[in-house]
Amino acid sequence: MAENVKGSKLPMEGKRNILITSALPYVNNVPHLGNIIGCVLSADVFARYCRLRGYNAIYICGTDEYGTATETKAMEENCSPKEICDKYHAIHKEVYNWFNISFDEFGRTSCPQQTEMSASPGITVKLCIGDRLIISSNLELSIYTCKEKTADNNLFLTSAKVKSLKQWSIDVFVVLSYVLYCDSCERFLADRLVEGTCPTQGCKYDSARGDQCEKCGKLLNPTELKNPRCKVCEKPPRIRDTDHLFLELPLLKDRLEKYISEMSVVGGWSQNAIQTTNSWLREGLRSRCITRDLKWGVSVPHEKYSDKVFYVWFDAPIGYVSITSCYTRDWEKWWKNPENVELYQFMGKDNVPFHTVSDTLFTWPDLQAKLNSELLNNLGNFIHRVLSFIAKPAGRGYDSVIPSIPDDVSGESHIQTKIFADKVVAYIDQYIEAMEKVKLKQGLKTAMSISSEGNAYLQEAEFWRLYKENRPLCSLVMKTAVGIVYLLACLLEPFIPSFTREVFKQLNLPAVTHVSLCQDKGDIDRVKRPWDIISAGHKIGTPEPLFRELKDEEVEFYRKKFAGSQADRTVRAEAEAENVAGQLKKTKLSIIGKEEISLNP
């Protein structure tokens, strides 16, 4: 197990201890925007919020590295699965660093701890999907335990139990399975090494995978495909028999239906999640194979099946635990301490049967509208109006110094300022309530409402007129407004941390020590008197615009640049590179003092 890293956190008595994870991104390709928006970003927002409130929180994630997709990618790139994982893990880490994702540990499921802990018991669970809390229950899982069992029909050779505190148990049994075998490659073909025509009526997609059709979403077994072909050599495989371990999921149907009907209400699941989950239940649960004929993965801990590995969806969830053990050798204090630790897990929407998710929609026009109207015209406008006015030289502003408020002027007695402050307090309460329930979009919307109220406050106060006619009252208005600037920087740190750093730079305050919304430090009480948040006499930095307009032509450029799949973009980039190279060959280069030289040999 890992040694405790200097600065690694452990649960503390008397504190709210929160363990946050997000779905482990698969490592066989470059991460795309959907990977980040779907779960990583939501988890990071919540983790930052927890730190903002002073909770003892850690955020754990890592790359999911086992499975067929990795072996397939390794074949494509003519290297080993480990080399593929090393390459793409580094790329993932670089991308998430660029997006400023604040993992406490970003690890890998191929670490030795993953195999070591594959039979460990588990956890107290609060499960969040997207930005919705969907499960809050005590659940203790044992990933896999094995013992001998025989039966007359010789099918039930091995039994394993997956148990919970509620005594939900599932038999794991051995079935003589008919699977596809490629004579050309001399190997059994795991699900993702097979493609063919989807057998679902009305679909007929001719590139369905052996585990699922990406067009209609139907879960499949490789032998169900019509006209199957080996993904490596493109030749048709044949059916052969081999033993595989299966989970007897139908035994859970009644209990699962009851559990989902209760928890979908408690957790506020989206209609998409409820409808999709119920449709799978109506169709009937099927026994699920949990082993694969692969070399790259966690080996089944039984001598009879040592040539097989666990299906990645079966063993990968323990990756959250094993990666935590890389963060601290005292990982059990996080994972086996349900009385003192809350676990929040954020899952993506890419596989509904395995995740059961909320939905996320991204459009370029929506991005443009939000940037230009909400960030530029609302938030950026408010902050720049306040700071630029304070920064104006004496006679036109306050020469960059926060003004003092005379004794005969008070925010409590000035009706307009008191009403504004009361609204802000109400919004703070709503913000905290939303964020505590992991309603992140609602929390963001509430924070932005404070900015809108700030703009209205400035407009109604007419501070530019007060500066000439009633300087003491103008000082109150501007000191209140700059306090709101500080507050917005704190509230929005979980969502746009780079914005917060820039605002604190312009306020000439160290963000590390000032970004806080902690009850214990009295931060919430200070909000009630925003005119007292920043001390009189403090000198601010240099105000600069925080956002710029995103123009139509830029949106169109990005839309074309990032359209289609990653493979499509790669093809376009290669074609563009060839085009540029071709044009260079025809280009004539003029050099001063020399004759004209052609680049075409």
Side-chain angles (χ1 to χ4, degrees), residues 21-26 34-35 37-39 42-43 64 122-141 162-171 191 198 200-203 208-209 211-221 224 246-290 311-314 316-317 320 343-361 437-441:
T21 72
S22 59
L24 308 177
Y26 209 69
N35 296 135
I37 292 174
C39 55
S42 297
D64 183 359
I123 54 179
T124 294
V125 173
K126 276 192 177 180
L127 178 59
C128 297
I129 299 240
D131 63 354
R132 303 303 295 266
L133 181 66
I134 67 163
I135 293 179
S136 178
S137 66
N138 291 327
L139 187 66
E140 188 168 305
L141 297 180
V162 178
K163 296 182 177 179
S164 77
L165 293 179
K166 295 184 177 180
Q167 295 304 304
W168 286 26
S169 63
I170 315 174
D171 278 328
D191 43 27
C198 177
T200 306
Q201 188 173 7
C203 180
R209 298 195 314 251
D211 61 342
Q212 185 176 12
C213 175
E214 291 189 324
K215 182 180 179 183
C216 70
K218 180 79 171 179
L219 289 182
L220 301 169
N221 287 318
E224 295 178 291
F246 280 71
L247 275 181
E248 183 65 325
L249 291 178
L251 296 176
L252 285 180
K253 184 175 184 296
D254 293 341
R255 295 177 185 178
L256 194 56
E257 285 179 336
K258 182 176 183 296
Y259 182 76
I260 289 172
S261 66
E262 294 174 355
M263 296 315 302
S264 61
V265 175
V266 173
W269 292 15
S270 70
Q271 283 303 306
N272 176 55
I274 294 171
Q275 291 170 5
T276 305
T277 302
N278 287 335
S279 70
W280 284 103
L281 290 172
R282 281 193 301 271
E283 289 181 17
L285 297 175
R286 296 188 296 174
S287 300
R288 292 287 293 176
C289 182
I290 60 168
Y311 179 35
V312 65
W313 273 105
F314 184 75
Y320 302 113
L343 171 63
Y344 286 80
Q345 292 188 289
F346 289 77
M347 299 296 177
K349 77 167 190 174
D350 57 329
N351 199 318
V352 175
F354 290 108
H355 280 155
T356 306
V357 303
S358 310
D359 222 352
T360 302
L361 178 66
K437 292 179 179 178
V438 202
K439 295 182 178 179
L440 307 181
K441 290 181 181 177

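Positions are given from 1 along the sequence. Keep in mind it's a predicted model, so treat the numbers as computed, not measured.
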Interatomic distance, [X] atom [atom1] to [Y] atom [atom2] [nearest 0.5 angstrom]:
| X | Y | atom1 | atom2 | result |
| --- | --- | --- | --- | --- |
| Glu257 | Arg282 | CD | CZ | 10.0 Å |
| Glu214 | Gln212 | CD | CD | 7.0 Å |
| Tyr320 | Thr21 | OH | OG1 | 5.0 Å |

Handout entry: Main-chain N/O of Lys258 paired to Ser261 side chain as donor or acceptor, under 3.5 Å
Key = yes
Practice task
Could you tell me whether Arg209 and Glu224 have a side-chain N and a carboxylate O separated by less than 4.0 Å?
Solution key: no
Problem - Set of side chain to side chain contact (heavy atoms under 4.5 Å, CB included) partners for Glu283, sequence neighbours left out - result: Lys218, Trp280
Practice task
For Lys215, check salt bridge (charged side-chain N to carboxylate O under 4.0 Å, His left out) against everything at least two apart and list the hits.
Solution key: none
Handout entry: Asp191: salt bridge (charged side-chain N to carboxylate O under 4.0 Å, His left out) partners, not counting sequence neighbours
Key = Arg292
Quick check: closest heavy atoms across [X] and [Y], and the distance to 0.1 Å?
| X | Y | answer |
| --- | --- | --- |
| Ala208 | Leu220 | CB-CD1, 4.3 Å |
| Pro250 | Leu285 | CG-O, 3.3 Å |
| Thr200 | Cys216 | OG1-SG, 3.9 Å |

Measuring only between side-chain heavy atoms, which start at C-beta, is [X] closer than 4.5 Å to [Y]?
| X | Y | answer |
| --- | --- | --- |
| Asp64 | Pro25 | no |
| Asp211 | Leu219 | no |
| Ser42 | Ser22 | no |

